[in-house]
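Working notes, beginning with the structure itself.
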Amino acid sequence: MSFSSFSEFLAMGGHGLYVWLSYGLGVAVILINLVLPWLQRNRLLAEQKRRLRREEGVQ
Amino acid sequence: MTMQTNSVESQRQSLSGLFWATCRREYLLSFRRKSDLVNPLIFFLMVATLFPLGVSPEPGFLSQLAPGVVWVAALLATLLSMDALFRSDYEDGSLEQLLLSPQPLFVVVLAKVLAHWSVTGLALTLMAPLLGVMLFLPADGMPGLMLSLLLGTPTLSLVGAIGAALTVGLRKGGVLISLLVLPLYIPVLIFGSSAVQAAVTGLPLGGYLALLGALLALALGLAPLAISAALRISMSS
Amino acid sequence: MTMQTNSVESQRQSLSGLFWATCRREYLLSFRRKSDLVNPLIFFLMVATLFPLGVSPEPGFLSQLAPGVVWVAALLATLLSMDALFRSDYEDGSLEQLLLSPQPLFVVVLAKVLAHWSVTGLALTLMAPLLGVMLFLPADGMPGLMLSLLLGTPTLSLVGAIGAALTVGLRKGGVLISLLVLPLYIPVLIFGSSAVQAAVTGLPLGGYLALLGALLALALGLAPLAISAALRISMSS
Amino acid sequence: MADQLLTVQNLFCERDDRILFSRLGFAIAPGEIVQIEGQNGSGKTTLLRILSGLSRNYEGDIFWRGEPVGEVREEFCRNLLYFGHQAGVKAVLSPQENLRWYAALSPAIDAEAIDHALEQVGLRGYEDVPCHSLSAGQNRRVSLARLYLSRAPLWILDEPFTAIDKKGVAAKENLLLKHAQQGGSVILTTHHELGIRGPVRKINLDQCAGTSV
Amino acid sequence: MADQLLTVQNLFCERDDRILFSRLGFAIAPGEIVQIEGQNGSGKTTLLRILSGLSRNYEGDIFWRGEPVGEVREEFCRNLLYFGHQAGVKAVLSPQENLRWYAALSPAIDAEAIDHALEQVGLRGYEDVPCHSLSAGQNRRVSLARLYLSRAPLWILDEPFTAIDKKGVAAKENLLLKHAQQGGSVILTTHHELGIRGPVRKINLDQCAGTSV
Amino acid sequence: MAEKKWMPRWFYQLASPRWCYQITGKLLPWFALVAGLSLIGGTLWALMFAPADYQQGNSFRIIYLHVPAAILAQSAYMLMAVAGAIALIWKMKVADMVLKSAAPIGASMAVLALATGAIWGKPTWGSWWVWDARLTSMLILFFLYLGVMALNSAIENESTAAQASAVLSLVGVVNIPIIKYSVEWWNTLHQPATFKLTEKPAMPAEMWVPLLVMVVGFYCLFAVSLMMRLRNEIVWRERRTGWVRELLSKQ
Ligand code: HEM
Ligand SMILES: Nc1ncnc2c1ncn2[C@@H]1O[C@H](COP(=O)(O)OP(=O)(O)OP(=O)(O)O)[C@@H](O)[C@H]1O
Ligand SMILES: Nc1ncnc2c1ncn2[C@@H]1O[C@H](COP(=O)(O)OP(=O)(O)OP(=O)(O)O)[C@@H](O)[C@H]1O
Ligand SMILES: [Mg+2]
Ligand SMILES: [Mg+2]
């Protein structure tokens, strides 16, 4: 453990803003890469199921 | 008497309706095509990356260049996008319909120029700080840069539209327009870049902005009439 | 046996015939329209006049800028003219005819790029000294400037044509092409402007020119194939 | 003269030293359908552009309800619907958006009329499709929908039936007839054989210029 | 199958979730004239673009003289003349200059043939006029002159008669007939009533898509 | 047919979207597991246990995001180019779907590398941005990504879009070494090593092991995201086939 207290951990030796900004961005990018395809999948499946039902309805 | 007022009223209403309908249409066109929307942005970004690469990456040197380069880039971006203002309308026949409309032409023209400005000039203005950072423009210069662009780019659009209208029917439009319009752009460039330079060095820049404002007022008053007349002339052959 | 040689011979003849016919057509088009011919010239001149006005009129400062500015202007001029390379053919249906021709596509493509280069890149090269003088480029830099442009601009045209071919069927072509092509242009810009800078400071510039030459050779070998493939792909939807 | 909608006297036009027509004179009364005939290049389009006021490349006089057309320009435009070679349809806009702008150009047409007009020209279901993914004929139909929207008495139509299928042509011909019966006038060119069940006056421009095969 | 020029099997195409045609199959023998019929937007242009190899947006098989067309592409192109919606005429070039380039694209046509072809389409005297000062029909005629130049057996023509006057249409119809009599084949679309004095096979695309008025 | 022999069997199986969909479905959870573990573990290690740099202090901890992102941004482009080549040469559908799916992930990694680099630059160099060789070439790589994505979204027809992006990414990959070389050379010419990125210091193991963990985590994350996008793409493009219908009706 390199830090003795939580506030020191947050401050990051005066570079807190930079470090936390970076890690925030990192988390955001990782989440975006997971959430977007997931949402896309849900939308796609729902849409295709609707289309399937529509086509079955026509026949 | 009331009859007449009413008709005047309804006419005014239909005029503003036409104005907004035209704006709406132009925005739709820009958003659908995207190119009008992103072109100045790309052009700006291109200039901002090419300059350090081509000229020199030193911050000190670049920061000296920055005011002029941003203004020259804005001017070129406007000028290059000007040619398309009436051309697509000309080519697909909408311009004929426009000229045969009973509504006064200058309303539509003004709406088109406004829409054009807001996707070029205004976009450039909003993007200018990014360019400033990439070219190491001192932070003091930013407000001056944005204000001068805000006041200067509408003039560029209005004046450019006169050139576009004069050359719309011609097969050689693209060239001519630069020749016609460039001399008229030079005062704007000079006042604009001087304003930024003044802001950077901490001098007062009110005078330059006032001059840019005066140019804008002049252009707003005269250009729509000139543009309408030019359109009629160049379509009548 | 002789039969076969003959047919190979006649085929080669018809290929070179096609090459020159295409060149001829492109030149005719440029000369009639004039705009292709004069546009880079005007753009170049504009840059040369706007820079002193917008940035600073001091000869010392300008001469430092000159190599980079000339190269950036050449690059932008090429890039901006690239979009039109296949667009008018696309719009009037000639491109369809081209794709349905039994002749190999890359011949026509190469001829078109050659013609395009000679009315933009070559013209720019020939005009560069004028620009150099206007921007106070030291006389020592002139040969380097012209040689580097001569070797670099064909690469720009070839690479740009790939972008033009990829975007020809699209309504948003104009923007995309800049985005696609610009990153690929950067090595040429760097080597080109470095060559001029080397020439100005009296350093040997053979290395840079050799690199530009190598890039040109690479582009000449690969680009025509990529362009033909891209044309077929983007027309096939 | 004032009871004619449009009167043309002594019209003369030349292009590149080729005289297209000279001493051309005619008048168009309300309720008339006039077809300008002539082979390719005989000057039909040129004449229509002159009549509509788009081209001023002529000599002679044109009167609108008895007054020189140059003097009553705005009044004339208010009463005119012009349909040119180019359809005036923006490829990236949908049919509805295209028509909405036309409605704004000549005021007092409501949005409902647009949907109705699009249905009339058979574009129901395509209202929201961008025009670049419509076929050639469908694109022309978008522009033709203006005929259903317009209340102008004078229609000038330059080859309105290009690329339109047979059923569509028949529907448009009926529309023209109806317009004439309601007192409107139509000047048109077309290379189709007109199937209008009513009187159609023909003006032939073949005497001078044009291709001869 | 090898004695047919073009064989189409089980062709399927959809656009924007609208099925234009499915399980379309036909064969075209030498000497046949085939007219693709259908209302606006029924997919005629789409079909012709697929047949000519311009569009690959389809499923199914197309054979040229019995071989899959993808494998004999060059051979196929050598035997094809395609005439599309757009005329492929450069406005700033003269008719002669336009045609000269087309001649270079499909080799072994001499300049004299060009003058002759221009005369055939009635553009004598206009050889040197830039095409932007020709009328709409004259512009189409420039492109139609290619029909007189071509020795390709298969012609695919998309609305070749647009903007052409009646005499011109009759001349072109004769040309098509002559081409068929000499063993060539023609696939065309047109909204004109064809007046060809010979057998014309019709293929109708109306079942699925398209406008219905 | 003969030349097909020397390609391994899985290569042809991969060509079948259906097989690909199934195999990625099986692989996904494992990759997700590894990615989750190593990312969380690596981050905690990096933030709390790794020692601070004696020069840069705690701002040094940005490296644990910066370097994996930079590495991945470059790897993803290579993957795209390989996929593009396969798509064009063997006309393999799955390859162009991989290409299309990889582009946005690579672009997001390039953004992350640029952003963390810029943030890191502020405390170490005193400015957000300098025209350094590595920075510039990363920026250009980002532009290349943008180009592929823009082209892909501008073309409506899917297979046309995929082929066009394949051509573009191949052209781009030819240029990447040239760009890198030219940019490095240009920079050393104009501006001798003022702002050179710290050469890899002889890092103590406590520093580089978490870095390695993060790199592995990022690669697995990339694989997870790629497979998710790829599966979506497969479903979309194969929506008319029987097996997708079956799949949909089963769910
Ligand atoms: C926007 C700014 C920056 C960009 C685009 C950038 C880009 C890169 C790239 C492309 C790599 C190579 C990764 C690899 O392939 O191994 C890298 C590595 C690295 N960067 Fe940055 N960087 C930036 C700013 C910084 C800053 C400010 C620092 C610290 C002072 C820094 C420190 C490092 C270190 C230590 C490495 C690892 C060196 C190595 O493994 O070779 N970077 N960066
Ligand atoms: N680029 C495109 N993208 C999507 N859909 C298209 C595109 N082009 C045409 N379509 C659609 O395909 C259908 C057929 O179009 P096509 O041009 O083949 O019709 P057509 O039979 O030639 O009609 P016309 O008689 O009007 O020429 C139309 O419904 C149209 O909406
Ligand atoms: N812009 C122009 N400049 C010079 N001459 C022109 C121009 N436009 C047309 N012409 C000439 O004027 C004549 C008439 O053209 P116009 O377009 O009026 O013919 P049209 O009767 O409409 O023919 P079409 O049936 O082919 O549409 C033609 O001979 C043409 O060569
Ligand atoms: Mg006409
Ligand atoms: Mg059609």
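Numbered from 1 within each chain, the chains take letters A, B, ... in sequence-line order.
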Carboxylate-amine/guanidinium proximity below 4.0 Å for E/Arg141 and E/Asp165: yes
Toward chain E, the part of D/Ala163 with a non-hydrogen atom under 4.5 Å: both
Check: E/Trp101 and E/Leu93 side chains under 4.5 Å, non-hydrogen atoms: no
Contacting moiety of D/Asp16, where chain E heavy atoms sit under 4.5 Å: side chain
Non-hydrogen side-chain atoms of D/Asp158 and D/Phe83 separated by less than 4.5 Å: no
Under 3.5 Å: donor-acceptor pair, side chain of E/Glu119, backbone of E/Ala117: no
D/Glu37 side chain near D/Asp206 side chain, heavy-atom distance below 4.5 Å: no
Greatest number of heavy atom pairs closer than 4.5 Å to chain D - which of E/Arg15, E/Arg124, E/Glu193, E/Arg140: E/Glu193
Part of E/Thr162 lying under 4.5 Å from any heavy atom of chain D: side chain
Side chain / backbone / both / neither for D/Val129 at chain E, heavy atoms under 4.5 Å: side chain
